[in-house]
Amino acid sequence: AILEAIKLIEDIKLPDKTVLVIDDYHLTDSSGVNSFIELLVENEIDNLHIVLTARFIKFQKLEELALKGYLHHITKETFELRPKEIMGYYKTCGITISDSEAQQLYSDTEGWISALYLLMLEYVAQGSYTPEGSIYKLLEKAVYIPLSDEIREFVVTMCIFDSFTRKQAEYMWEKENTARFLAELTSNNSFVTYDSRLKTYNIHSIFNGFLKEVLEGKEISHKQNLYRKAAQWFVENGDCHAARRYYYECGDFDG
């Protein structure tokens with residue numbers, strides 16, 4: 001069926017440069033569609049160009065297609081605004097900010113333009129901004145809600161750590177799907193990353209702040225059990241300083 005579809009497209013004579021744009025391509029989540037796109041690209045149909053926008057991508061031949069010159073992969077880092085670029089962006093919108101303000105905005109948003117835009121609106125309306133309120137609403141809608149119920153509970157569980165290992169996550173979560181959740185989060189979500197050098201997982205600082213607010217809305221007993229379990233992990237792994245911190249958080253002074 002894929003080859004027949006490609007043959008049909010090849011038979012169409014495109015007189016001018018034609019660009020096929022597929023937005024939110026990650027929603028297809030289909031290896032069959034990926035294979036179709038890969039074959040379509042490799043067939044080099046005259047005047048046909050394809051643009052895919054996606055939060056994540058799972059092409060098996062991504063590096064191969066890039067090396068052969070068939071594909072140009074623009075990563076999220078390209079779209080992150082640095083402090084000088086933030087100043088330029090705000091100036092284009094009629095707002096002049098100082099170097100220190102641009103640095104603070106970069107620290108608050110890590111260059112995420114959607115968050116910068118929301119903060120700009122608040123700045124125009126009130127003359128100041130509170131990053132948590134505006135950004136957390138955006139994170140809830142764009143990042144948190146699209147996750148499955150169980151993965152949402154998983155990231156809220158892990159937000160109490162600055163960073164964590166896979167074994168640490170397995171200890172806290174106590175379910176066999178921990179590895180799958182970690183793989184899904186790091187491949188499909190730029191707000192959870194894996195440091196291969198330290199072998200630790202890190203939740204984006206802004207997202208982690210949002211998750212801690214979600215945790216604050218949980219039952220007190222739930223939070224206490226979570227912090228107590230974290231303390232026990234550190235005791236078992238010989239880190240008494242960290243264990244003391246987590247025992248303190250749950251009010252277990254005997255611990």
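All values below were derived from every heavy atom in this structure, side-chain atoms included, with hydrogens, water molecules and symmetry-related copies excluded. Counting from 1, the numbers follow the sequence of the chain as shown.
- Here the NZ-CG distance, from Lys13 to Asn47, works out to 11.0 Å after rounding to the nearest 0.5 Å.
- Panel note: side chain Asn237, backbone Asp239; no donor-acceptor pair is recorded below 3.5 Å.
- Asp149 meets the side-chain hydrogen bond (donor to acceptor under 3.5 Å, both in side chains) test with Arg152; sequence neighbours excluded.
- In this structure, Trp173 and Thr157 have side chains that are in contact, with non-hydrogen atoms separated by less than 4.5 Å.
- Residues Phe191 and Trp112 bring their aromatic ring centres within 6.0 Å.
- Using modelled atom types and a 3.5 Å distance limit, the side chains of Glu236 and Tyr171 yield a donor-acceptor pair.
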Step-by-step side chain to side chain contact (heavy atoms under 4.5 Å, CB included) determination, Val235 to Cys240: CA-CA 6 Å; Val235 167; Cys240 293; 5.9 Å; no
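- The minimum heavy-atom distance between Tyr70 and Glu42, with the atom names listed, is OH-O, 4.0 Å.
- Annotation for Thr200 and Tyr194: closest pair O-CD1, 3.4 Å, computed over non-hydrogen atoms.
- One distance of note links OG1 of Thr28 with CG of Leu52; it measures 8.5 Å at 0.5 Å rounding.
- Residues Ile45 and Ile12 fall within the same hydrophobic cluster, defined by Ile, Leu, Val, Met, Phe, Trp and Tyr side chains chained together at heavy-atom separations under 4.5 Å.
- Thr193 OG1 to Ile203 CD1: the interatomic distance, rounded to the nearest 0.5 Å, is 9.5 Å.
- Contact check for Tyr144 versus Leu139: no side-chain heavy atoms found under the 4.5 Å cut-off.
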Working for salt bridge (charged side-chain N to carboxylate O under 4.0 Å, His left out), residues Glu170 and Lys175: CA-CA 7 Å; Glu170 289 171 339; Lys175 296 180 183 178; over 6 Å; no
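- By the 4.5 Å heavy-atom criterion applied to side chains, Thr75 and His73 are counted as neighbours.
- Under the 4.0 Å criterion applied to side-chain N and carboxylate O atoms, Lys223 and Glu219 are not assigned as salt-bridge partners.
- Atom CG of Leu182 sits about 10.5 Å away from atom CD of Glu184, to the nearest 0.5 Å.
- Inspection of the Tyr201 and Arg166 side chains reveals no N or O donor paired with an N or O acceptor under 3.5 Å.
- A donor and an acceptor atom, one from each side chain of Tyr25 and Asn34, are located under 3.5 Å apart.
- A donor-acceptor contact shorter than 3.5 Å links the side chain of Gln168 to the backbone of Thr165.
- Electrostatic pairing of Lys84 and Asp99 counts as a salt bridge here, judged by a charged N lying under 4.0 Å from a carboxylate O.
- Under 4.0 Å is where a charged nitrogen must lie from a carboxylate oxygen, and between Glu174 and Lys229 at least one such pair does.
- One hydrophobic cluster, built from ILVMFWY side chains closer than 4.5 Å, cannot hold both Phe59 and Val51; they sit in different ones.
- Atom CD1 of Ile37 is separated from atom CG of Leu65 by 11.0 Å, given to the nearest 0.5 angstrom.
- With a 4.5 Å cut-off on side-chain heavy atoms, Leu71 and Val41 do not count as touching.
- Rounded to the nearest 0.5 angstrom, Met158 CE and Asn208 CG are separated by 10.0 Å.
- Partners of Glu44 according to the side-chain hydrogen bond (donor to acceptor under 3.5 Å, both in side chains) rule, which considers only residues two or more places apart in sequence or in another chain, do not exist here.
- Residues Leu105 and Val124 are members of one and the same hydrophobic cluster, defined by side-chain heavy-atom contacts under 4.5 angstrom among Ile, Leu, Val, Met, Phe, Trp and Tyr.
- Glu64 is linked by a salt bridge (Lys or Arg N to Asp or Glu O under 4.0 Å) to Lys68, counting only residues two or more places apart in sequence or in another chain.
- Applying the salt bridge (Lys or Arg N to Asp or Glu O under 4.0 Å) criterion to Arg180, with sequence neighbours excluded, gives no partner residue.
- Minimum interatomic distance between Asn202 and Ser163 (heavy atoms only, all atoms of both residues): OD1-CB, 3.1 Å.
- Using bins of under 30°, 30° to 60° and over 60° for the plane-to-plane angle, the ring pair Tyr136/Phe210 lands in the perpendicular bin.
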Evaluation steps, side chain to side chain contact (heavy atoms under 4.5 Å, CB included), between Ile145 and Leu147: CA-CA 5 Å; Ile145 291 177; Leu147 299 173; over 6 Å; no
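- In terms of heavy atoms, Pro83 sits closest to Gln103 at CG-OE1, 3.4 Å.
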Chi angles and distances behind the side chain to side chain contact (heavy atoms under 4.5 Å, CB included) call for Leu119, Tyr90: CA-CA 11 Å; Leu119 295 181; Tyr90 273 47; 4.0 Å; yes
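- You'll find the side chain of Leu81 reaches within 4.5 Å of the side chain of Tyr89, heavy atoms only.
- Side chains of Ile86 and Ile97 form a contact here, defined as non-hydrogen atoms less than 4.5 Å apart.
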Acceptor/donor pairs from residues 242-255 side chains to any protein atom, 3.5 angstrom cut, sequence neighbours excluded:
unit_1 : atom_1 : unit_2 : atom_2 : d
Arg244 : NH2    : His241 : ND1    : 3.0
Tyr246 : OH     : Ile160 : O      : 2.7
Asp252 : OD1    : Gly255 : N      : 2.8
Asp252 : OD2    : Arg228 : NE     : 3.2

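- Closest of all the heavy-atom pairs between Lys218 and Val156 is CE-CG1, 4.3 Å.
- Taking both residues in full, the closest heavy atoms of Glu140 and Pro146 are given as O-CD, 4.3 Å, listed atom of the first, atom of the second, then distance.
- Looking at residues two or more places apart in sequence or on another chain, you find no salt bridge (Lys or Arg N to Asp or Glu O under 4.0 Å) involving Glu85.
- Under a cut-off of 6.0 angstrom, the local environment of CD1 in Ile220 is sparse, with at most 12 non-hydrogen atoms contributed by other residues, nucleotides or ligands.
- Here the side chains of Ile22 and Thr53 are not in contact, with every heavy-atom distance at 4.5 Å or above.
- Contact annotation: the side chain of His49 approaches that of Lys17 to within less than 4.5 Å [non-hydrogen atoms, C-beta and beyond].
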